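For reference, the structure discussed in these notes is given below.
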Amino acid sequence: MTLSKRDQSMLLILLGLIVVLAAYFGIYSNFMGKAEAAASENDSLQPRLQELQDYYSNLPVYQAGIEEISADVEKKILGFPPDVRSEDLISYGNELEKKLGVTVSNMSFSPPELVSQFSVPKDDGGGGTVLVPYAALSTNMSISAEMTYPQMLDFINYIYKKSVHTTLESISVSYNSETGGLTGSAVMTKYFMSDSEYEYKPTDLPNSAQGTNNPFGTVTVKNKTTED
């Protein structure tokens, strides 16, 4: 069968239309599927978007709350000593003797131990916030002492009510038949906090007399002049 040129032209045009329609519907269907998926995802993200918008609108409130909490935390941290050294513990033992009247015969100390590490947000002075690392530490102090029963009660009360950031871990006493009092031992823990800007400062200890002109306890005899 022989096709005329007119029929051939019509056939080519028809085939072109079929190819164009097939491509159009194939691409259209693909994009429509993607559009529907995007629309569905957009709908599912709307609640999250609204939540984030609410957070953003309340950002000044959150910032003020962070600053208030940071100031409160920093104030509480400043209440802790930046360090507790052996000389501090010796001074504390002397303080117990002077204020409570107990007789401390022995003291021993343990090296500081890390309790926890954390960071506190602070204003960097330029409108931003920086995180300052802190370390909370503890050190133990053990003492042997002689005391009366009322002094023991005062001792426990003094640690819990008048000693800053100090806990009584244990206390053990026994009756001393020679003195009529109590002989015992106690273990206390002191807590302190240090940051990355910690600088060593010597402990301010009270002045005390040192040395003696007569270390061996000898008696100096003065010559007496006698009248004839």
Side-chain angles (χ1 to χ4, degrees), residues 69-125 129-174 176 179 181-215:
I69 293 173
S70 298
D72 184 60
V73 170
E74 187 174 1
K75 182 179 179 180
K76 292 186 183 312
I77 289 176
L78 290 176
F80 283 83
D83 195 5
V84 176
R85 300 182 289 272
S86 297
E87 54 265 40
D88 300 308
L89 297 175
I90 293 173
S91 179
Y92 181 68
N94 292 335
E95 180 182 321
L96 293 175
E97 284 191 314
K98 292 179 180 179
K99 295 188 176 181
L100 303 178
V102 301
T103 302
V104 177
S105 58
N106 182 59
M107 299 183 195
S108 60
F109 321 112
S110 67
E113 294 183 359
L114 180 66
V115 177
S116 66
Q117 291 178 306
F118 55 94
S119 297
V120 177
K122 287 186 178 181
D123 187 0
D124 61 1
T129 302
V130 294
L131 293 177
V132 178
Y134 277 88
L137 302 101
S138 67
T139 182
N140 287 340
M141 172 185 183
S142 301
I143 66 170
S144 298
E146 294 182 2
M147 62 188 80
T148 63
Y149 180 73
Q151 286 174 339
M152 183 190 71
L153 299 180
D154 292 339
F155 174 79
I156 297 173
N157 183 68
Y158 186 82
I159 292 175
Y160 279 107
K161 294 186 177 181
K162 297 184 180 180
S163 297
V164 180
H165 306 300
T166 305
T167 60
L168 178 63
E169 300 295 335
S170 64
I171 183 170
S172 175
V173 296
S174 60
N176 189 334
T179 63
L182 301 176
T183 299
S185 60
V187 178
M188 294 154 286
T189 299
K190 281 187 169 289
Y191 296 90
F192 60 98
M193 291 190 184
S194 298
D195 62 8
S196 57
E197 300 177 355
Y198 167 75
E199 294 182 5
Y200 173 81
K201 294 181 179 179
T203 302
D204 185 15
L205 297 174
N207 294 327
S208 59
Q210 297 181 353
T212 175
N213 294 327
N214 190 15

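Hydrogens, waters and symmetry mates play no part in the numbers below; they use all other heavy atoms, side chains included. As the structure is a computational prediction, the values presented were derived from the model and not from experiment.
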Considering all heavy atoms, the nearest [X]-[Y] contact:
| X | Y | value |
| --- | --- | --- |
| E169 | T189 | OE2-OG1, 2.9 Å |
| V84 | K190 | CG1-CD, 4.2 Å |
| S119 | P133 | OG-CA, 3.9 Å |
| T167 | I159 | C-CG2, 4.1 Å |
| S163 | Y92 | OG-OH, 2.6 Å |

**Contact list for residues 143-168, test ring-ring contact (aromatic ring centres under 6.0 Å, His included), sequence neighbours left out** = F80-H165
**Message:** Donor-acceptor check, side chain of S185 to backbone of I143, threshold 3.5 angstrom: yes or no?
**Reply:**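 No; zero donor-acceptor contacts below 3.5 Å.
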I'd like to check the side-chain hydrogen bond (donor to acceptor under 3.5 Å, both in side chains) partners of [X]; sequence neighbours left out, ordered by chain and number.
| X | answer |
| --- | --- |
| Y191 | none |
| S138 | none |
| N94 | none |

Interatomic distance, [X] atom [atom1] to [Y] atom [atom2] [nearest 0.5 angstrom]:
| X | Y | atom1 | atom2 | value |
| --- | --- | --- | --- | --- |
| Q117 | L137 | CD | CG | 8.5 Å |
| L182 | M152 | CG | CE | 6.5 Å |
| K161 | D154 | NZ | CG | 11.0 Å |
| D195 | L78 | CG | CG | 9.0 Å |

With a 4.5 Å heavy-atom cut-off, do [X] and [Y] have their side chains touching?
| X | Y | value |
| --- | --- | --- |
| L89 | E87 | no |
| L168 | I156 | yes |
| V132 | F118 | no |

What donor-acceptor contacts under 3.5 angstrom involve side-chain atoms of residues 102-115, with partners at least two apart or in another chain?
| residue | atom | partner | partner atom | Å |
| --- | --- | --- | --- | --- |
| S105 | OG | S144 | O | 3.3 |
| S110 | OG | N140 | N | 2.9 |

**Complete:** S170 meets the side-chain contact (heavy atoms from CB on, under 4.5 Å) criterion, sequence neighbours left out, with V187
**Message:** Once side-chain contact (heavy atoms from CB on, under 4.5 Å) is applied, do any residues pair with T148, and if so which ones, sequence neighbours excluded?
**Reply:** P150, Q151
**Prompt:** Can you name the residues that form a salt bridge (Lys or Arg N to Asp or Glu O under 4.0 Å) with E74, not counting sequence neighbours?
**Reply:**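 Testing E74 for salt bridge (Lys or Arg N to Asp or Glu O under 4.0 Å), a comparison that skips the adjacent residues, returns K122.
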